[in-house]
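Accompanying notes for the structure given below.
Throughout, residue positions are numbered sequentially from 1 according to the sequence presented.
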Amino acid sequence: MNFGLSEDQQAFQDMARRFALEEMAPQAASWDEGRTFPVGSLRKAAALGFAGIYIGEDVGGSNLSRLDATIIFEELAAACPSTAAYISIHNMACWMIDHFGSSEQRRTWLPKLTTMEQFASYCLTEPGHGSDAGNLTTRAERSGDHYLLNGQKAFISGGGESDVYVVMCRTGGEGPKGISSLVVPKDTPGLSFGKKEEKLGWNSQPTRAVIFEDARVPVANRLGEEGIGFKVAMMGLDGGRLNIGACSIGGARFCLEQARDYMKQRRQFGRALAELQALQFKLADMATDLEAARLLIRQAACLLDAKHPDATQHCAMAKRFATDAGFAIVNDALQLHGGYGYIREYPIERYLRDLRVHQILEGTNEIMRMIVGRQLLAD
């Protein structure tokens with residue numbers, strides 16, 4: 001049990017931190033204010049290997065571990081949680097193709113995705129089926145060597161901008177076993193997009209509905225056999241939950257550091273805030289929760305890398321704790337800043353807006369509790 005990072009991990013942690021500080025941090029506020037999808041910066045991240053972190057090297061990926069990915073995403077999110085989270089979603093979609101796709105599918109899609117010449121999105125949620133994903137209604141009917149795809153996906157990160165959509169759809173009967181996974185290019189006839197959503201946070205990535213109206217998708221674009229789509233989705237989400245937890249840790253770490261520095265220089269009642277014991281206790285609790293969240297995320301990542309049978313349970317535990325703790329730490333950091341934390345001249349409010357959604361996506365934290373509870377009570 002070694003809690004230290006290897007030399008290689010320290011090297012790409014430093015690389016991710018430098019990129020975050022030099023490329024992302026100076027522009028993050030303007031991306032948020034302008035609702036800008038930062039294509040150029042994303043492609044610079046891809047040039048460092050961050051678009052295919054755990055994708056095979058033969059198609060341009062970095063072939064790193066899930067643990068390695070959590071280290072990278074923490075660093076990126078310390079500068080811009082919204083942009084880091086899109087990189088996570090792109091990686092998740094790429095992994096589904098890499099892990100479940102044929103050799104031909106991998107060669108067709110992944111070289112352009114690992115360079116971010118093309119961008120990828122993942123489509124599971126529907127207007128009527130969020131947490132109840134096993135009962136999704138988007139349907140693909142076989143028609144010769146194509147499927148006719150009909151339905152609508154909701155809240156899709158990258159919607160309208162991404163070039164490739166990994167879509168969970170129903171090819172069989174009711175329930176999870178009737179779901180398959182299709183790779184759908186943006187230029188597919190019958191594919192369209194809803195309006196760009198106006199969101200509380202995550203403004204450096206567009207969110208739209210993805211709409212299918214008799215979209216003709218080749219059968220050759222199906223990942224694996226019919227009926228394994230729900231498995232594809234759930235296995236992808238194990239890693240996605242770790243990534244989004246790591247993004248919460250990165251954002252919370254930045255805000256904790258901001259609060260610490262502010263307490264040293266801000267004076268009230270003739271004393272620095274740092275001299276007030278009640279606020280020292282608050283900062284100590286924030287730091288302790290941050291460290292606990294990081295340990296849970298990295299432990300779960302190690303279990304996922306090892307294909308441990310309890311990995312899904314631990315990913316759910318870690319995601320729930322890290323995203324709850326991350327938001328609470330940012331909220332406490334804002335409180336420590338007083339009124340200054342609430343204005344946009346200071347960055348805390350942006351992190352608060354960005355981290356709030358982490359408790360909802362990749363499975364709500366209520367669903368995380370359900371996963372853990374069911375596993376604990378299983379015979």
Side-chain angles (χ1 to χ4, degrees), residues 12-32 35-54 62 64 66-95 114 116 119-122 157-158 161-162 199-207 239-257 290 293-294 297-298 301 318-319 322-323 326-327 329-330 347-348 350-362:
F12 57 68
Q13 181 187 52
D14 289 343
M15 180 173 66
R17 184 171 295 182
R18 285 196 304 273
F19 177 80
L21 290 173
E22 295 171 8
E23 178 67 25
M24 297 172 71
Q27 303 183 80
S30 63
W31 293 340
D32 173 68
R35 271 61 173 166
T36 303
F37 187 55
V39 170
S41 294
L42 288 168
R43 287 178 175 155
K44 290 178 182 179
L48 298 176
F50 298 156
I53 295 172
Y54 33 77
S62 299
L64 298 178
R66 298 296 184 148
L67 175 60
D68 299 336
T70 66
I71 296 166
I72 291 169
F73 282 115
E74 177 180 339
E75 296 304 326
L76 299 181
C80 183
S82 171
T83 305
Y86 177 77
I87 297 172
S88 166
I89 291 164
H90 176 90
N91 270 271
M92 182 165 62
C94 290
W95 178 83
T114 53
M116 281 186 162
F119 297 100
S121 291
Y122 160 79
S157 295
E161 295 289 342
S162 289
K199 308 190 297 289
L200 176 69
W202 270 30
N203 289 317
S204 70
Q205 48 171 297
T207 300
R241 288 164 183 162
L242 296 177
N243 294 349
I244 212 67
C247 287
S248 288
I249 292 167
R253 188 189 81 200
F254 171 84
C255 292
L256 173 65
E257 292 168 352
L290 181 67
R294 183 182 291 116
I297 286 289
R298 291 184 180 178
K319 189 268 183 184
T323 57
F327 181 77
I329 291 165
V330 175
I348 303 291
R350 172 168 56 84
Y351 285 78
L352 185 87
R353 290 186 287 108
D354 281 346
L355 262 63
R356 179 60 182 87
V357 76
H358 296 186
Q359 297 167 292
I360 298 171
L361 49 79
E362 312 297 33

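- Checked against side chain to side chain contact (heavy atoms under 4.5 Å, CB included), Ser62 has the following partners two or more places apart in sequence or in another chain: Leu64.
- Atoms CZ and CD1, from Arg298 and Ile71 in turn, are 5.0 Å apart once rounded to the nearest 0.5 Å.
- Every residue two or more places apart in sequence or in another chain that forms a side chain to side chain donor-acceptor pair (under 3.5 Å) with Asn243 is listed here: Tyr54, Ser88.
- Partners of Ala301 according to the side chain to side chain contact (heavy atoms under 4.5 Å, CB included) rule, which considers only residues two or more places apart in sequence or in another chain, are Arg66, Leu67, Thr70, Leu242.
- The two residues His358 and Ser248 have their closest heavy-atom pair at ND1-OG, 2.8 Å.
- Ile348 contributes atom CD1, which lies 9.5 Å from atom CG of Leu256 (distance to the nearest 0.5 angstrom).
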Can you give the donor-acceptor pairs under 3.5 Å from side chains of residues 75-83 to other protein atoms, not counting sequence neighbours?
unit_1 : atom_1 : unit_2 : atom_2 : d
Glu75  : OE1    : Arg17  : NE     : 2.7
Glu75  : OE1    : Arg17  : NH2    : 3.4
Glu75  : OE1    : Arg253 : NH2    : 3.2
Glu75  : OE2    : Arg17  : NH2    : 2.9
Glu75  : OE2    : Arg253 : NH1    : 3.0
Ser82  : OG     : Ser204 : N      : 3.3
Ser82  : OG     : Ser204 : OG     : 2.7
Thr83  : OG1    : Ser204 : OG     : 2.8

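- For Leu361, the side chain to side chain contact (heavy atoms under 4.5 Å, CB included) partners at least two apart in sequence or on another chain are Trp202, Ile244, Val357.
- Smallest separation of non-hydrogen atoms from Ser121 and Ala93: O-CB, 3.9 Å.
- Between His90 and Phe50, the closest side-chain pair of non-hydrogen atoms is not below 4.5 Å.
- Side-chain contact between Pro38 and Gln27 is absent, with no heavy atoms from C-beta onward closer than 4.5 Å.
- Between Glu74 and Arg294 there is a salt bridge, since a side-chain N of the basic residue sits under 4.0 Å from a carboxylate O of the acidic one.
- Partners of Lys44 under the salt bridge (Lys or Arg N to Asp or Glu O under 4.0 Å) rule, at least two apart in sequence or in another chain, are Glu23.
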(request) Take Phe73 and Ile87 through the side chain to side chain contact (heavy atoms under 4.5 Å, CB included) test and state the conclusion after the steps. (result) CA-CA 9 Å; Phe73 282 115; Ile87 297 172; 3.8 Å; yes
(request) Decide side chain to side chain contact (heavy atoms under 4.5 Å, CB included) for Met116 and Val39; before the verdict, give the C-alpha distance in whole Å, the side-chain angles of both, and the deciding distance to 0.1 Å. (result) CA-CA 9 Å; Met116 281 186 162; Val39 170; over 6 Å; no
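- The two residues Thr36 and Ser30 have their closest heavy-atom pair at OG1-O, 4.2 Å.
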(request) Take Thr323 and Glu362 through the side chain to side chain contact (heavy atoms under 4.5 Å, CB included) test and state the conclusion after the steps. (result) CA-CA 11 Å; Thr323 57; Glu362 312 297 33; over 6 Å; no
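- Here the closest heavy-atom approach between residue Ala46 and residue Ala51 is recorded as CB-CB, 3.7 Å.
- The ring-ring contact (aromatic ring centres under 6.0 Å, His included) test applied to Phe254 returns Tyr351, not counting sequence neighbours.
- Listed by chain and number, the residues in a ring-ring contact (aromatic ring centres under 6.0 Å, His included) with Phe37 are Tyr86, Phe119 (sequence neighbours excluded).
- Between Leu355 and Ala252 the shortest heavy-atom distance is CD2-N, 4.0 Å.
- Partners of Glu161 according to the salt bridge (Lys or Arg N to Asp or Glu O under 4.0 Å) rule, which considers only residues two or more places apart in sequence or in another chain, do not exist here.
- Between the side chain of Arg353 and the backbone N or O of Leu200 there is at least one donor-acceptor pair closer than 3.5 Å.
- Between the Asn203 side chain and the Arg35 main chain, no donor and acceptor come within less than 3.5 Å of each other.
- Within the 4.5 Å cutoff, the side chain of Arg356 has no heavy atoms near those of the Val330 side chain.
- By the salt bridge (Lys or Arg N to Asp or Glu O under 4.0 Å) test, Arg350 is found to be paired with no residue, residues two or more places apart in sequence or in another chain being considered.
- Remark: side-chain polar atoms of Lys199 are not paired, donor with acceptor, to backbone N or O of Pro206 under 3.5 angstrom.
- For the pair Phe12 and Ile72, the tightest heavy-atom approach, listed with the atom from each and the gap, is CD1-CG1, 3.8 Å.
- For Asp68, the salt bridge (Lys or Arg N to Asp or Glu O under 4.0 Å) test picks out no residue, with sequence neighbours left out.
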